[in-house]
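Read through the structure below, which is laid out as structure tokens, and then see the notes.
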2 protein chains.
Amino acid sequence: MSIPDWTSHFPGLRKLEPSIGRPLVENSKVVKLAAGTRIFGPGQSPEAYLLLLDGTVRVQQVSETGREIVLYRVSAGESCALTTACLMGYEEYQAEGVAETDVQAVAIPRTTFDELIARSAEFRRFVFTAFSMRVTNLFKIIDEVAFSRVDIRLAQKLLELADSQGRVALTHQQLASELGTAREVISRQLHEFQRRNWISATRGEISLVSIKDLQKLAGAP
Amino acid sequence: MSIPDWTSHFPGLRKLEPSIGRPLVENSKVVKLAAGTRIFGPGQSPEAYLLLLDGTVRVQQVSETGREIVLYRVSAGESCALTTACLMGYEEYQAEGVAETDVQAVAIPRTTFDELIARSAEFRRFVFTAFSMRVTNLFKIIDEVAFSRVDIRLAQKLLELADSQGRVALTHQQLASELGTAREVISRQLHEFQRRNWISATRGEISLVSIKDLQKLAGAP
DNA sequence: CAGTGCTTTGTGACTTCGTCACATACGACA
DNA sequence: TGTCGTATGTGACGAAGTCACAAAGCACTG
């Protein structure tokens with residue numbers, strides 16, 4: 001059976017020299033994970049560098065009191081870059097990763113990863129770029145959590161998560177987890193948005209009515 | 001003039017093969033920066049990988065409204081790992097780095113850095129470990145900012161920043177920046193600590209009186 | 001289709017945190 | 001000893017988080 005060349009799914013890897021790309025493909029394997037699978041979590045060190053072929057993985061942090069905050073998502077074509085930090089580093093993972101959908105991914109063993117880093121400038125760029133994006137994003141989250149108002153953040157999140165019909169199929173609790181706040185706070189804000197006729201809501205789903213107004217709130221102060 | 005072999009200052013670099021260590025030393029140069037120098041900031045991409053020989057660098061984020069939060073500090077023997085993310089990655093730095101004291105550092109040019117990553121497993125481990133620590137720490141900050149009470153965080157910070165005599169030579173404003181909160185909030189909390197006789201304060205300096213009580217607050221919920 | 005049980009949402013009361021607008025107080029230095 | 005810049009104190013109020021329930025909404029069952 002021939003091994004499918006999944007490297008073409010990753011723009012950053014397409015230009016890999018064949019002498020590099022072949023061992024990469026041969027030494028790693030494609031894994032499938034069902035939606036809801038916990039991929040890693042506090043106390044579980046990841047064992048391989050993961051590249052997503054399909055689906056999305058949500059990386060989040062859970063507080064002692066049970067409140068949650070979503071740190072970022074990994075989608076098809078991306079790598080779970082921060083796993084790398086822990087893959088390479090001395091510490092255990094503090095956050096947890098959950099498959100949001102069924103997921104197909106390439107698992108690159110630690111040794112292969114290390115070898116690739118050594119041998120391919122192209123691969124290094126790919127890894128570091130992914131890293132850079134995540135870290136920049138973490139900075140942004142800190143900024144928002146520390147300094148930004150929830151109404152603004154909620155408007156941004158709704159716009160970000162809406163599908164093409166302007167619908168967001170999440171419960172208040174799930175939105176609260178996205179922003180790292182409490183469910184009641186979200187309920188009240190949504191109520192206020194509804195009062196202003198910016199959204200309409202049913203159990204478990206929100207429809208954006210006035211995207212323009214939401215953008216105005218989300219944008220300039 | 002002989003070039004000083006500063007690699008011995010870095011435990012992670014001591015075991016570098018000479019064939020690797022020599023070019024590292026030869027291609028990089030030692031720089032000195034006066035206290036207060038802004039080393040990098042939003043819009044300024046760093047040009048080199050920095051290893052600190054002496055002094056400390058504070059990395060912080062400034063909000064639109066002027067509030068600040070300290071993300072981490074780089075001390076002697078450490079690398080400003082996250083600079084690397086941006087060094088390697090596609091994006092500009094979102095945070096700013098300021099020399100807190102006079103600083104002596106080794107600046108490794110981008111090309112040399114890349115070459116070292118390629119050639120030395122030892123150096124890779126050094127860089128990734130530093131990375132890992134910072135990222136883990138960023139996770140912790142997000143957790144604390146989002147979920148933890150200021151009185152607890154303030155107690156922790158005081159204990160962390162106290163010198164051997166239990167003194168913290170910072171203004172309320174500076175403490176507020178450490179925690180990403182407002183000065184008034186700190187003033188009130190310190191007042192409360194004082195009322196309970198846990199600290200005593202003079203202009204610009206705080207003395208910890210009952211470290212035990214502070215630890216109790218900082219520790220278990 | 002009425003009943004039951006789980007999940008989701010609504011709400012009031014209260015605490016904590018952040019903001020604004022000043023009032024004081026301290027300390028260095030002329 | 002006065003003056004000036006920085007540091008700290010404070011009240012009022014709005015925004016956000018917590019707690020303890022109440023009330024829907026939905027699925028499944030008999």
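Bear in mind the structure is a predicted one, so any value in this text is a computation, not a measurement. Within every chain, numbering begins at 1; the chains are lettered A, B, ... in the order of the sequence lines, protein sequences first and strands thereafter.
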Query - Interatomic distance where CD belongs to A/Q173 and P belongs to D/dT18 [whole Å] - result: 11 Å

Query raised in the report: Given D/dG9, is OP1 or OP2 found less than 4.0 Å from the side-chain N or O atoms of B/H191?
Result: yes

Query raised in the report: What is the minimum heavy-atom distance between A/F147 and B/R67, and which atoms define it?
Result: CE2-CB, 3.6 Å

Query - Length of the line joining B/L190:CG and D/dT10:P, which is rounded to integer Å - result: 13 Å

Identify all pairs in which a protein N or O lies below 3.5 Å from an N or O of nucleotides 19-24 of chain D, and state each distance.
unit_1	atom_1	unit_2	atom_2	d
D/dC19	N4	A/E184	OE2	3.1

Query raised in the report: Once you build an axis from the first five pairs and another from the last five of the helix from C/dC1-D/dG30 to C/dA30-D/dT1, how far apart in angle are they, to 10 degrees?
Result: 10°

Requested in this report: Take the protein atom CD1 of A/I152 and the nucleotide atom P of D/dA15, then report the distance between them rounded to whole Å.
Outcome: 11 Å

Report task. Taking side chain to side chain contact (heavy atoms under 4.5 Å, CB included) as the test, write out the residues that go with A/A105, two or more places apart. Result -> A/V31, A/L50, A/L52, A/V103

Requested in this report: Tell me what B/Q189 touches on the nucleic acid: a base, only sugar-phosphate, or nothing, going by heavy atoms under 4.0 Å.
Outcome: sugar-phosphate

Query raised in the report: In whole Å, what is the span from the CD1 atom of B/I186 to the P atom of D/dG9?
Result: 12 Å

Query raised in the report: Who passes side chain to side chain contact (heavy atoms under 4.5 Å, CB included) against B/H172, sequence neighbours left out?
Result: B/R183, B/I186, B/S187, B/L190

Query - Touch class at under 4.0 angstrom, heavy-atom based, for A/V185 against every strand present - result: base

Report summary line: Atom CZ of A/R149 and atom P of D/dG17 are separated, to the nearest Å, by 11 Å

Query raised in the report: Residues two or more places apart in sequence or in another chain: which of them pass ring-ring contact (aromatic ring centres under 6.0 Å, His included) with B/F193?
Result: B/W198

Report task. For A/N197, enumerate each residue passing the side chain to side chain contact (heavy atoms under 4.5 Å, CB included) test, keeping only those at least two apart in sequence or located in another chain. Result -> none

Requested in this report: Please collect all salt bridge (charged side-chain N to carboxylate O under 4.0 Å, His left out) contacts where either partner lies in residues 166-182 of chain B, sequence neighbours excluded, each pair once.
Outcome: B/R73-B/E178, B/K157-B/E178, B/R167-B/E205

Query raised in the report: How would you give the extent of chain A contacts on DNA chain C, as first and last nucleotide 5' to 3' within a 4.0 Å heavy-atom cut-off?
Result: C/dT7 to C/dA13

Query - Nearest-Å distance for atom pair CD/C1', residues B/E144 and D/dG17 - result: 18 Å

**Report entry** Residues forming a salt bridge (charged side-chain N to carboxylate O under 4.0 Å, His left out) with B/D213, sequence neighbours excluded
**Finding:** B/K216

Report task. List for me each residue that meets salt bridge (charged side-chain N to carboxylate O under 4.0 Å, His left out) alongside B/D102, sequence neighbours excluded, and say none if there are none. Result -> none

Query raised in the report: Relative to the 5' end of DNA chain C, which residue comes earlier, B/A182 or A/G204, by the nucleotide with the nearest heavy atom?
Result: A/G204

Requested in this report: Apply side chain to side chain contact (heavy atoms under 4.5 Å, CB included) to A/V150 and list each qualifying residue two or more places apart in sequence or on a separate chain.
Outcome: A/R153, A/T181, A/V185, A/Q189

Query raised in the report: In whole angstrom, what separates B/Q194's CD from D/dT8's P?
Result: 11 Å

Query raised in the report: Taking it one step at a time, do B/H191 and B/R195 satisfy side chain to side chain contact (heavy atoms under 4.5 Å, CB included)?
Result: CA-CA 6 Å; B/H191 232 238; B/R195 196 189 61 74; over 6 Å; no

Distance-only criterion, 3.5 Å: show the donor-acceptor pairs between side-chain atoms of residues 32-43 of chain A and protein atoms not counting sequence neighbours.
unit_1	atom_1	unit_2	atom_2	d
A/T37	OG1	A/A34	N	3.4
A/T37	OG1	A/A34	O	2.5
A/R38	NE	A/Q44	OE1	3.3
A/R38	NH1	A/E96	OE1	3.0

Requested in this report: Quick one: sort the A/W6 and A/F10 rings into parallel, tilted or perpendicular, breaks at 30° and 60°.
Outcome: perpendicular

Query raised in the report: Using a cut-off of less than 4.0 Å, is there contact between a side-chain N or O of A/T181 and OP1 or OP2 of D/dG17?
Result: yes

Requested in this report: Would you kindly compare B/L170 and A/V150 by the position of their nearest DNA chain D nucleotide and give the one closer to the 5′ end?
Outcome: B/L170

